[in-house]
2 protein chains.
Amino acid sequence: MRKGTSEDVRRENLTAVLRALMVGGNMSRAELGRLTGRNRSTVASLVSDLAVLGLVDEQDPVTDGTVGRPSHGVALSTSVAAFAVHPEVDALTVAIVGLDAQVRRKVRHEFKQIPSMMDVVMLASTIMAAMGADDSGFRITGIGVAVPGLVRTVDGLVRNAPHLEWRDAPLGQAFAEAMSLPVHVANDAQLGALAERDYGAGRGVSDFVYLNGGASGIGGAIIAGGALLGGAHGYAGELGHTPVSGSDRVDTVGIPGSLEAEVTREEIVTLLGGGHMDPEALESALLSDRSDPVRAAVARQHGYLAIALGTVVNVLNPERVVLGGFLASLLAYDPQGLRAALEARTLAPAMEGVDIVSAQLGANLLLIGAAHRALEPLVDDPASRSWGSTD
Amino acid sequence: MRKGTSEDVRRENLTAVLRALMVGGNMSRAELGRLTGRNRSTVASLVSDLAVLGLVDEQDPVTDGTVGRPSHGVALSTSVAAFAVHPEVDALTVAIVGLDAQVRRKVRHEFKQIPSMMDVVMLASTIMAAMGADDSGFRITGIGVAVPGLVRTVDGLVRNAPHLEWRDAPLGQAFAEAMSLPVHVANDAQLGALAERDYGAGRGVSDFVYLNGGASGIGGAIIAGGALLGGAHGYAGELGHTPVSGSDRVDTVGIPGSLEAEVTREEIVTLLGGGHMDPEALESALLSDRSDPVRAAVARQHGYLAIALGTVVNVLNPERVVLGGFLASLLAYDPQGLRAALEARTLAPAMEGVDIVSAQLGANLLLIGAAHRALEPLVDDPASRSWGSTD
DNA sequence: AGCCATTTGTTCGTCGTCGCCACTAACCTA
DNA sequence: TAGGTTAGTGGCGACGACGAACAAATGGCT
């Protein structure tokens, strides 16, 4: 959009082809042409360029049973990938994720105690160095880091990650010094929303709200007009701290009566008998317990959720609300109940046609989101040689 | 973004030149080149095209005192314009507004009683027909209508305009049948925000929240990433109905404890002695009254405003908050007070660097916004001959 | 007054990119 | 095996931006 020359057209067309492959999966050149609206010869030239760049592989024509000359297959390269790093209170996950959103390598390291920023940087760097060893055959374009907290996106400064107890931690800078790769740090919920947009519950939806309930709190992100809404510095989407009650219960950052303070996984777990539960166990335990205390607790949490979501629906007029983590379980327990609570708190037209659904992507959600954030510059400008000259 | 051909480049460049003139005012060809980053010869060609299309006028070179050959002046055509229509409870305003955001003609008609949709359409059509008489010399490209209510933007269906008492009124369709011009209907606050973005308090700011307090209620709109956030159907921005208290006072659509129910112009006016007051009178009366009851009322309204704005700041991370109407007066009464109230309800990083300012545009705000909405298709594709062939 | 540096207008040739067309290749159907 | 259909291939033309060379118009300096 900046300049205005014919090379920009080329770049746009290259990304169009790449994006089509990423969201639509591998396909034939002919399909690619139909999907992108480009001419046969243009597509041929584009694909050829991408093949030279090592981003796609052209395969032999394959007969698919229909009439006509078979078209060449085009597949995303399996070697182009990015690192995904996801630090949590109790563990660090590092992975290599390809352009095709497949997780190729994955290492999880448990922590005995809350890690410092430097713990994470050192350990992740070591793991990445081991993973990206020369014979691995991957062409790594960058590092995407998903952080549970507020992140200033320009430089990857972690402003506040309450559970990790990091404040103003220069994570982006530290990674940049440790590894000679472009680093992209972002909020975990935002990256999750991006992954859901491309591969999950947000496919084809240009306006949706994503809300994830984890053990540690509630994170949110907004997709508006097909793009992640970042705001001025990248802090947008913080729905967890919306005030929903007059109570003095505080959340992780000290705000009383906020959504995160009132809607907690912990309360549900305790009611169900306590103990350690993974998400699936929690959901099945919850769904099979229709006792009065549980019903009441869910209804109460639905009420609070509806207050926060109601505001967001009024303000953003989304097409869909995607709930992840234990919020998805809360939804599954009584979908009509949550919907009714929400309808009572929204303008009728804005709520019309809004569907409330569960997130579709599982454990790899954040890894895909983080890696794809790191792959984004490559996708946006495939011909720029600033990335891997690993050959 | 759709196709990917060289004609798209031309279109984008034409738009870039036109936009530069609209936001930067008339300027020389050389400045235009610097601003848009295009080559000398390219700019010459673009301007020439636009001149042929009748969108700009090329003027003789003017010496500006600097060394070097003087550059031709380029001025937006004063004849290209659009109709702006603004129905209110007590009046209808119709205007002709040019590409340069100047209001060229303006007619206001008072109503004795609340007008029906058909009243508005008939009267506005008559006025427009009179204004756009052949000898007027204007080249009208369309009609922009600013409606105080929820509007489905695709077809201009007014879902709910509480003060006008319109429900599901097919305003867009009615205008389209009455006048053979493209019609664009939208929410008034959204159009106001667009005008503030281009010519007022939002210049150069890509993420801001606009909140306007009128006699009838509170309307809002969001500019995110430089563009109006419309949402799935165009209802986005409805901040007036955010719940901010547990009271049972209801707003115009019947939601209890909402911002619009608690923060009212009426309460302030009553405290100041009542009577009819125009915005300026209200502001000066308010600012000169530092009595306890007024202080208390303002502080209370600030508190509620802070709750609603706090959520929005957390969720959208804007760079600026723009307050219009009596909300601007409320701000002027005690800027630090409002800021402090807001800071208490937001995440510190998200609130950092946010400035709270008054709207800059006055009475013509909505007319400019509405007309520019109607001019948008022309600006986005200046060469498409689908508009006026009035010559 | 005359000369130079500076800036811009103007013209023309070049280059990159896409679409179209004609032809060929590879498949299905009958 | 012939005809229809679909896609790959390569050449050509169109379009648009850029850069270079030259001309024009100004201010500054001697």
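Each chain gets a letter, A, B and so on, in the order the sequences are listed, and its residues count up from 1.
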Item checked: Arg34(A) versus Ser28(A), side-chain donor and acceptor atoms under 3.5 Å -> no

Item checked: 5' precedence on DNA chain D between Ala44(A) and Arg69(A) (nearest-nucleotide basis) -> Arg69(A)

Margin query: From CG of Leu35(B) over to P of dT8(C), roughly how many Å is that when rounded to an integer?
Written below: 13 Å

Next item on the list: Could you tell me whether the side chain of Leu228(B) reaches within less than 4.5 Å of the side chain of Arg373(B), counting heavy atoms only?
Entry: yes

Check: For Ser71(B) and dT8(C), is the shortest distance between a side-chain N/O and OP1 or OP2 below 4.0 Å?
Finding: no

Next item on the list: Whole angstrom is fine here: how far is it from CD in Glu12(B) over to P in dC15(D)?
Entry: 19 Å

Item checked: Short side-chain N/O contact from Thr42(B) to OP1 or OP2 of dG16(D), under 4.0 Å -> no

Check: Donor-acceptor pair under 3.5 Å: do we get one between Arg40(B)'s side chain and the base of dG9(C)?
Finding: yes

Margin query: For a 4.5 angstrom cut-off between non-hydrogen side-chain atoms, does His233(A) reach Thr153(A)?
Written below: no

Margin query: Less than 4.0 angstrom between a side-chain N/O of Arg29(B) and OP1 or OP2 of dT10(C), yes or no?
Written below: yes

Check: Are any of Arg34(A)'s side-chain N or O atoms less than 4.0 Å away from OP1 or OP2 of dA7(D)?
Finding: yes

Next item on the list: Mind calculating the distance between CG (Asp64(B)) and P (dT6(C)) to the nearest angstrom?
Entry: 17 Å

Next item on the list: Consider the side chain of Val67(B), meaning its heavy atoms from C-beta on, and name the nucleotide among dT6(D), dT26(D), dT8(C) that approaches it most closely.
Entry: dT26(D)

Next item on the list: May I ask you to check whether Arg10(B) and Thr15(B) show a side-chain donor-acceptor distance below 3.5 Å?
Entry: no

Notebook entry, point to check: Which atom pair, heavy atoms only, marks the closest approach of Ala16(A) to Arg38(A)?
Noted result: CB-NH2, 4.0 Å

Checklist line | Phosphate-side-chain proximity, Arg10(B) and dA17(D), N/O vs OP1/OP2 below 4.0 Å | finding: yes

Next item on the list: Rounded off to whole Å, could you give me the CG-to-P distance for the Leu14(A) and dG16(C) pair?
Entry: 15 Å

Check: Base, sugar-phosphate, or nothing: which does Gly65(B) touch, judged by heavy atoms less than 4.0 Å apart?
Finding: sugar-phosphate

Check: Given that Pro61(A) and Gly68(B) both sit by DNA chain C, which one's nearest nucleotide is further toward the 5' end?
Finding: Gly68(B)

Notebook entry, point to check: Among dA7(D), dC15(D), dG16(C), which nucleotide sits nearest the side chain of Glu7(B)?
Noted result: dC15(D)

Checklist line | Value in whole Å for how far the P atom of dC15(D) lies from CG of Leu46(B) | finding: 16 Å

Note to self: Whole angstroms only, please: what is the CG-C1' distance between Asp8(A) and dC18(C)?
What the structure shows: 15 Å

Notebook entry, point to check: Could you give the CD-to-P distance, from Glu31(A) to dA7(D), as a whole number of Å?
Noted result: 9 Å

Item checked: Pairing of Arg11(B) and Asp380(B) as salt bridge, 4.0 angstrom limit -> no

Check: In terms of side-chain heavy atoms of Ala30(B), which of dT26(D), dC27(C), dT8(C) is nearest?
Finding: dT8(C)

Note to self: It should be established whether Asn39(A) places a side-chain nitrogen or oxygen under 4.0 Å from OP1 or OP2 of nucleotide dC18(C).
What the structure shows: no

Next item on the list: Check whether any side-chain nitrogen or oxygen of Asn13(B) sits under 4.0 Å from OP1 or OP2 of dG16(D), and answer yes or no.
Entry: no

Item checked: Nearest-nucleotide 5' precedence on DNA chain C, Pro70(A) against Ser41(A) -> Ser41(A)

